[in-house]
Asker: 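Questions regarding the structure given below will be posed in turn.
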Amino acid sequence: MSEEQKKELISRYSFEKRILERELELPALPNAKKGEVVMRFAPNPNGPPTLGSARGIVINGEYCKIYDGKYIMRFDDTDPKTKRPMIEAYDWYLEDMEWLGYNPDEIIYASKRIHLYYDYARKLIEIGKAYTCFCKKEEFKKFRDSGFPCSHRENEIERNLETWERMLEGRYGEGEVVLRIKTDMSHRDPAVRDWVAFRIIYTPHPLVGDAYFVYPTLDFESAIEDRLCKTTHILRGKDLRDSELRQRYIYNYFGWEYPITMHWGRVNVVEFGKLSTSLIKREIESGKYEGWDDPRLPTVRALRRRGITAEAIRKFFISLGLSESEVNISMKNLFAENRKIVDPEANRYFFVANPVEIEIENLPNENRVEIPLNPKKNEKRVLNGEKFVYVSLEDFEKLRGENVRLKDFCNVILDRKAKFVSYELLGAKKGKNIIHWLPKSFAIKCRVLGENVWEGFVEKGVEREVGRVVQFERFGFCKIEKAEKEILAIYTHD
RNA sequence: GCUCCGGUGGUGUAGCCCGGCCAAACAUAGGGGCCUCUCGAGCCCCUGCCCCGGGUUCAAAUCCCGGCCGGAGCACCA
């Protein structure tokens, strides 16, 4: 074939691909019509929401906003024993969800609606699609692994109904009997073979006490609840992918249409490794962390306390999208997002960690030093340029004996007894010898909490910033938490 | 072991379904420079990626087959 023919062929088959300006937005949701979308975020409140939960809240919430849909907060709290809900955590979820910018249109507590699920269980037994099973779990595991049914599978419907009634009357002990959904004992995926729909637990539930003792498993509860709420789209982590396979059996038995599902991959935040809710709980109890909002923790409340904005968290997860591949992501990405939001607004202050007091000998006169509160704004803060000032130990040790610029004030030869050089900026260079300082008469004690604890002084004026993120120059962004006798700040990021 | 899902620069994401201006884009990180009286921000430049092997095709990141690697499920947890 000649070159010409080749070219001809190529141009015939190639088509112009429009290069889309990619914005920060989620891909279109399949089969979604504006105003008709119903989605839910369904956590078990056995601890406060973490960064991982935030992904679910944000992704589902964003789609609800885009499609003007209904957003349901559903507490999947149907295990009072192994994954026992924390009574305070219900409110924590609601608080954090609102803080992240999403307001649920409806709140559902599965534990209060268990009687509704019983009706469906009964119907399934009646049509021969569920059976009561007296196998011990190890015993059943053998059947599941080998793919053979256990004897209970062939129970008469009448007998199943009878046992079920007796379960509800409390005639059996924990672990004695369960209700199973009949799927296919030879299904190629062992995870879907005749799974448990109800089990008996006598431990009182933190929210509803002893109102029930026959509890549905997540798969049963979720299957029914999604139907009752008319959920159209389920977006969740890949760990629940097999749920769909299991739950579809129920949908098929009842002739229901299963919602559209999408799953995102596992997120591993490098800084935290595998920190599960239960592990955090243990470390709080052991005293390693001070509480669920310890700024070192990846809970939503800790991030908020620390000065990470909801907007940054939202953008962070929107940018991750719905990829099914598992990701190793660093907090640095979140911080970069946050810095962009916080930087233009944050006022600047001098914070001197590990202060060293120096005296400027032969200072000609004290004077007012005006420094912008923020380089992009006009407002100024005023410091008194006086004889006794603090500088940080780190700067002192590094630059002792050198010509150093006390930012916006004057140049000195740095020492405990420093020599005044000039008011003008003579040969001082950014990144080299311009340092921050504090007049002794203007300094308030300040403690900064982060990975470390820093003690030092901060300039007067930060008292006004309680609740806001400021930047301590040459130190980092911090959120001012308290201003009483001394200032308490939480380290946000650099 | 069985099942399912992934694998694009250091890290994320887009492109894959519908093969072709993709010798691959954006963000972040790292390196260099400019600017700024902060180690912050901004501006400019640079480094660096289609897991491997076959196949189909004029043409493969994209389709097919086979490996390898990673993750998840196989609970009377969610």
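Here is how names work: the chains are called A, B, and so on, in the same order as the sequence lines, proteins then strands, and each is numbered from 1.
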Asker: Indicate, with a heavy-atom threshold strictly under 4.0 Å, whether A:Pro43 touches base, sugar-phosphate, or nothing.
Answerer: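 Answer is nothing: A:Pro43 stays at 4.0 Å or more from every strand.
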
Asker: At 4.0 Å (heavy atoms only), tell me whether A:Asp408 reaches a base, stays on the sugar-phosphate, or touches nothing.
Answerer: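 Since a base atom lies under 4.0 Å of A:Asp408, the category is base.
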
Asker: Report the residues that fulfil side chain to side chain donor-acceptor pair (under 3.5 Å) with A:Thr78, sequence neighbours left out, ordered by chain and then residue number.
Answerer: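 Side chain to side chain donor-acceptor pair (under 3.5 Å) list for A:Thr78, sorted by chain: empty.
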
Asker: Verify the contact: side-chain N or O of A:Thr78 to OP1 or OP2 of B:A78, cut-off strictly under 4.0 Å; return yes or no.
Answerer: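 For B:A78, OP1/OP2 do have a side-chain N/O of A:Thr78 under 4.0 Å.
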
Asker: What N/O pairs connect the protein and nucleotides 64-67 of chain B at under 3.5 Å? Give each pair on its own line.
Answerer:
none

Asker: Would A:Arg314 and A:Glu337 pass as an ion pair if we require N to O under 4.0 Å?
Answerer: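 The answer is no: the pair does not qualify as a salt bridge.
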
Asker: For the P atoms, the ones on B:G71 and on B:C64, what distance do you get once it is rounded to whole angstrom?
Answerer: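 Per the computed distance, 25 Å lies between those P atoms.
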
Asker: List for me each residue that meets salt bridge (Lys or Arg N to Asp or Glu O under 4.0 Å) alongside A:Arg306, sequence neighbours excluded, and say none if there are none.
Answerer: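 Scan of A:Arg306 (salt bridge (Lys or Arg N to Asp or Glu O under 4.0 Å), adjacent residues dropped) gives none.
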
Asker: Within the sub-3.5 Å range, which N or O atoms of nucleotides 27-33 of chain B have a protein N or O partner, and how far apart are they?
Answerer:
from	atom 1	to	atom 2	distance (Å)
B:U28	OP1	A:Lys340	NZ	3.3

Asker: Pairs counted as Watson-Crick or G-U wobble with both distances under 3.5 Å: what dot-bracket string results for RNA chain B, using | for bases tied to another strand?
Answerer: (((((((..((((......[....)))).(((((.......)))))....(((((..]....))))))))))))....

Asker: Touch check for A:Leu218, heavy atoms < 4.0 angstrom, all strands: base, sugar-phosphate only, or nothing?
Answerer: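 Base: the residue A:Leu218, judged by heavy atoms under 4.0 Å, touches a nucleobase.
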
Asker: One character per nucleotide, please: for nucleotides 2-9 of chain B, 5' to 3', B when the base has a protein heavy atom closer than 4.0 Å, S when only the sugar-phosphate does, - otherwise.
Answerer: BSSBS---

Asker: Heavy atoms under 4.0 Å, any strand shown: does A:Cys410 hit a base, just sugar-phosphate, or nothing?
Answerer: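 Nothing, no heavy atom under 4.0 Å.
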
Asker: Can you pull every protein N or O that's under 3.5 Å from an N or O on nucleotides 49-51 of chain B?
Answerer:
none

Asker: Looking at A:Arg405, does any N or O in its side chain come under 4.0 Å of the phosphate oxygens OP1/OP2 on B:C37?
Answerer: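 Answer no for this pair, as no side-chain N or O of A:Arg405 is under 4.0 Å from OP1 or OP2.
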
Asker: Who pairs with A:Glu139 by salt bridge (Lys or Arg N to Asp or Glu O under 4.0 Å), at least two apart in sequence or on another chain?
Answerer: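 Salt bridge (Lys or Arg N to Asp or Glu O under 4.0 Å) check on A:Glu139 returns nothing, list empty.
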
Asker: Check salt bridge (Lys or Arg N to Asp or Glu O under 4.0 Å) between A:Lys238 and all other residues, then give those that pass, not counting sequence neighbours.
Answerer: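 Here the qualifying residues are A:Glu326.
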
Asker: Below the 4.0 Å mark, does B:A41 have OP1 or OP2 next to a side-chain nitrogen or oxygen of A:Arg474?
Answerer: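 Negative; the distance criterion is not met.
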
Asker: Just to verify, what does A:Arg282 make a salt bridge (Lys or Arg N to Asp or Glu O under 4.0 Å) with, not counting sequence neighbours?
Answerer: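 In terms of salt bridge (Lys or Arg N to Asp or Glu O under 4.0 Å), with neighbours along the sequence ignored, A:Arg282 is linked to no residue.
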
Asker: Can you name the side chain to side chain contact (heavy atoms under 4.5 Å, CB included) partners of A:Asn403, sequence neighbours left out?
Answerer: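 A:Asn411, A:Ile413, A:Val421.
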
Asker: Using a 4.0 Å heavy-atom cut-off across all strands, classify A:Gly175 as base, sugar-phosphate, or nothing.
Answerer: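 Result for A:Gly175 = base.
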
Asker: Please tell me which of the listed nucleotides, B:C74, B:C76, B:U38, lies nearest to the side chain of A:Arg348?
Answerer: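 Taking heavy atoms from C-beta onward, the closest nucleotide is B:U38.
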
Asker: Heavy atoms under 4.0 Å, any strand shown: does A:Phe475 hit a base, just sugar-phosphate, or nothing?
Answerer: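 Touches nothing.
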
Asker: Give me each pair satisfying ring pair (Phe, Tyr, Trp, His ring centres under 6.0 Å) with a member in residues 322-348 of chain A, each pair once, sequence neighbours excluded.
Answerer: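 Listed by first then second residue: A:Phe335-A:His493.
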
Asker: By the 4.0 Å heavy-atom rule, please label A:Val178 as base, sugar-phosphate, or nothing.
Answerer: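 Counting heavy atoms under 4.0 Å across all strands, the contact made by A:Val178 includes a base.
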
